Amino acid sequence: MLYHSTNNPAHRVDLKEAVLRSLPPDNGLYMPDKLPVLGGDFWKIWRYLSFQEIGYAVAEAFFGEDVPHDALKDIVEGTLTFDAPLVTLAPGDHILELFHGPTLAFKDFGARFMARLMGWLTRDEDRELTVLVATSGDTGGAVASAFHNVPGTRVIILYPEGKVSGLQEKQLTALGGNITALEIAGSFDDCQALVKSAFLNQELSAKLNLTSANSINLSRLVPQSFYYIHSARQLPEGVKPVFVVPSGNFGNLTAGLLAAQLGLPVEHFIAATNRNDVVPAYLSSGDYQPRPSVATISNAMDVGAPSNFVRMQALFGGSWDSMKAKIHGVMFSDDQTRAAIREVKSIHGYDIDPHGAVAWLAARQWRAGHPGTATISLETAHPSKFPDVMEAELGKGVIEIPERLAVLADKPKVATKLGTDTAAFHDYLRSI
Ligand SMILES: *Cc1c(COP(=O)(O)O)cnc(C)c1O
């Protein structure tokens, strides 16, 4: 399969280049040349398949021409080591819990798959693949955890000293093995500038076989479509779900569109956002106006220029009419989100995080206008990741930190301290 840039259909690359490069040189995004469809045989048996079996079928549809079946099976098995349970709060009101992975957010699905696929794509190279990443918190943790113990890869994470939370720091510094943490005496921007300087240095970039685990990497989208199919099959036969996706960069929603393209029956998609509502505004007006983001309590969705919007446009052939026929956009304020966190707790006894709460509000509004429909709201992170908001709404000590994160607190921090000097950073990279 070949992949082309959304900016230039004639710029085509193979899977290895699309995945290791992440971004085409023309700043578009990579899309598969042919969008796969799963055959009728799959849709006869899909309700009886396991999560992993659904994963193989989807992965094979996208990558089967380039990656042998057994390798793909290992990649999917290594990715899906945890479930995505569907919880029913009330008839028609379903929550898809995507936070059972090691870093408690849905990004684990994409990051774990990408790490394993990158490891496989570089399996014959005698040099290790070095993933260089600057982080202000969560991204670094998901990437570190995803690449931990993946053969042929190592990760170097730069984070600003004193500017990440204690548990976040442990997610970066306590894994050991092929994960190295650099504690930089500077800001997040300094970390990013250092990473950029290494990529721009051809000698270093070649010597270390550098890659970035960029969030718009195409290989992160495909595994996110697995759980759309896995959750839909748990509804009664004949019931088509309305998927409600709390969105920022719109990777998660794009993965849902890929699942529909594969043949999954979907009634509708809802793009639920906080005040950063560039896409809902586009859906109602036809006018796309990216703008600087504003800070909200659902901060992983504070995006003013969603990077996957061009992929969504490509999937609808650039037609606003087709997009709005399939996707409804809606926005909720922080006050509404806070009230929803309290309401979901008092009515259903369920702890929902601020991102999931935005989705739940959109789902409730949709069901009110479309009685009898079944909504599946994506719960993208565990509420314990947002202790301040959860405590303010539900009180102290209500939300427990899951064991898999809590154990990190007792592990020792191992980090190398460096300044912001570019030459010294490059010397360090040459020495490893
Ligand atoms: C990244 C993230 C989102 C937004 O997902 P996109 O794919 O960028 O739209 C929503 N919720 C949480 C918790 C996230 O980490």
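Predicted, not measured: the structure shown is a model, and the values here were computed from it. Numbering of ligands and ligand atoms starts at 1, following listing order. Residues: numbered from 1 along the sequence shown.
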Residue pair N276 / T273, side-chain donor-acceptor N/O under 3.5 Å: no
Would you please say whether a donor-acceptor pair under 3.5 Å links the side chains of D74 and W120? no
Taking all non-hydrogen atoms of both residues, which atom of Y30 and which atom of L23 are closest, and how far apart? CE1-C, 3.8 Å
Do the non-hydrogen side-chain atoms of P246 and S298 ever get within less than 4.5 Å of each other? no
Quick one: do the T81 and R112 side chains pair a donor with an acceptor below 3.5 Å? yes
Who's touching ligand 1 if we go heavy atoms under 4.0 Å? F106, K107, P246, S247, G248, N249, F250, G251, N252, A300, M301, H355, T380, A381
Is K16 reaching over with its side chain to a backbone N or O of T122, donor-acceptor style, under 3.5 angstrom? no
